[in-house]
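Heads up: the structure comes next, in structure tokens.
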Amino acid sequence: MQTLTTRPGGALRGETDVPGDKSISHRAVMFGGLLARGVSHVRGWLRAGDTVATLSAVKGLGIQIDEADDTLVIHGDTPHAPTQTLDLVNAGTGIRLLAGILCGQPFPAVLTGSEQLCRRPMRRIIEPLRLMGAGITGRDECAPLTIQPAALKGIDYRLPVASAQVKSAILLAALFAKDETRITQPAPARDHTEIMLKAMGADIRMEGDTVILTPSATPLSPLDMTVPGDFSSAAFPLVAACIVPDSDITLRHINLNTTRTGLLDVLVRMGADITVIPTGKEAGEPVGDLHVRGGTLKGVEVGGEMVVRMIDEFPVLMIAATQAEGRTVVRDAAELRVKETDRIAVMARELAALGVTVEETPDGFIIEGGQAINGGHVHAHDDHRVAMSLAVAGLVAASAVHIDDAQCAGDSFPDFAGTMRKLGADMA
Ligand code: S3P
């Protein structure tokens, strides 16, 4: 168990990039390995706990991948039956998307994960995949997932929750179906799957809120891309710079796909001083730099579609809310309860240990601003975003905050503490 200690200190200054986008890194290794035929080159690939679990599973399906630091050379080929259970550890994106691909293969497979992953809901993918004809079953509607080969047909499906993982699992199975699949979303969930499949030559298009995929016998083309920085990782130094007085930092080469950047809009509504400098496109995704200065924030109300655009950023928004003037109210965010942890309950409990009051609601939370954060000992509960959010809290606490079990930050952000130290944070 690794304890991360954050101490309050001076302003954050300087510039940094952040590790590659986790969502895109999962997709690049799965799609390049299992869907494309030919050699893919992926630079800036995120080598973190979650994505390495996906990489190992793709290798377990017989795909050769040459690795040099953050560059992958993926020899895309027909996948082979795995000789053992594929273990996705903590990676929700890994297991759900891979399940979609494997439903279309002519061999059986079993997918599992850590105790934490095996508690997360899988009915959301099992149900639509079975409607397509897939032979997928779970244990009590959770992982382990067992997949038997079956012929797939297209479906016309309305997503009950705005989930990119569910949408992607269906789209990936749809590549192997005999006819068209249509998926209608209640709100626009992240569209990295659509962007990447289109770049690889898949017949995929949008009609309003509906994604339509028409399968084709032509194999997909390999990828040649650089993964931009993960906005969800940038969110931690971004919020830190907003709340530590006199901070002035620049975050470079960040993915600014608008299905992901809801936190930017919310922080600006709270009064944050953020300048977005677009620098171009990378693999069909808009990329740019973020210049952030510390200042005064005010409370904010967040609900509806905005929740989908910032679903991973609520733990760190909670820290910003404690430092704002006035009340912050979040609603329509019940999905937070089925992430790596129940992020509403876990954050409320850990912040209580630092003297902060968070009022839980079934689908969100209420935080009164202007709360002092005490030093103390907290736990990350094997949830990377909880670990890093509590570390940001420590930067504005009265004394040191010690986060137990903080190695899980490496599930998405290797050397998080090193990046924060580079900006002047007292974190080790
Ligand atoms: C992800 C989608 C989101 C997000 C997760 C990554 C993806 O989950 O929370 O961290 O890469 O598709 P849902 O689609 O289930 O909301």
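Just so you know, ligand 1 is whichever comes first in the structure, and atom 1 is the first atom listed for that ligand. Nothing here was measured: the structure is a model prediction, and the numbers come from that model.
Side-chain contact, Lys422 with Thr16: a donor N or O sits under 3.5 Å from an acceptor N or O. The closest side-chain donor-acceptor pair between His26 and Thr54 falls under 3.5 angstrom.
Contact check for Met427 versus Leu4: side-chain heavy atoms found under the 4.5 Å cut-off.
Phe231 pairs with exactly one of Leu251, Val18, Leu238, Asp21 by the side-chain contact (heavy atoms from CB on, under 4.5 Å) rule, that one being Leu238.
For Asp289 and Arg252, the salt-bridge test passes: some basic side-chain N is under 4.0 Å from an acidic carboxylate O.
Residue pairs meeting the side chain to side chain donor-acceptor pair (under 3.5 Å) criterion with at least one partner in residues 109-122, sequence neighbours excluded, are Asn90-Ser114.
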May I have a table of the N/O to N/O pairs between ligand 1 and the protein that fall below 3.5 Å, each row giving the two atom names and the distance to 0.1 Å?
unit_1, atom_1, unit_2, atom_2, d
ligand 1, 8 (O), Lys339, NZ, 3.1
ligand 1, 9 (O), Asp312, OD1, 2.7
ligand 1, 9 (O), Asp312, OD2, 3.4
ligand 1, 9 (O), Lys339, NZ, 2.7
ligand 1, 10 (O), Asp312, OD1, 3.4
ligand 1, 10 (O), Asp312, OD2, 2.8
ligand 1, 11 (O), Ser23, OG, 2.7
ligand 1, 11 (O), Arg27, NH1, 2.9
ligand 1, 11 (O), Thr93, OG1, 3.3
ligand 1, 12 (O), Arg27, NH2, 2.7
ligand 1, 14 (O), Ser163, OG, 3.0
ligand 1, 14 (O), Ala164, N, 2.7
ligand 1, 14 (O), Gln165, N, 2.9
ligand 1, 15 (O), Ser163, OG, 3.1
ligand 1, 16 (O), Lys339, NZ, 3.0

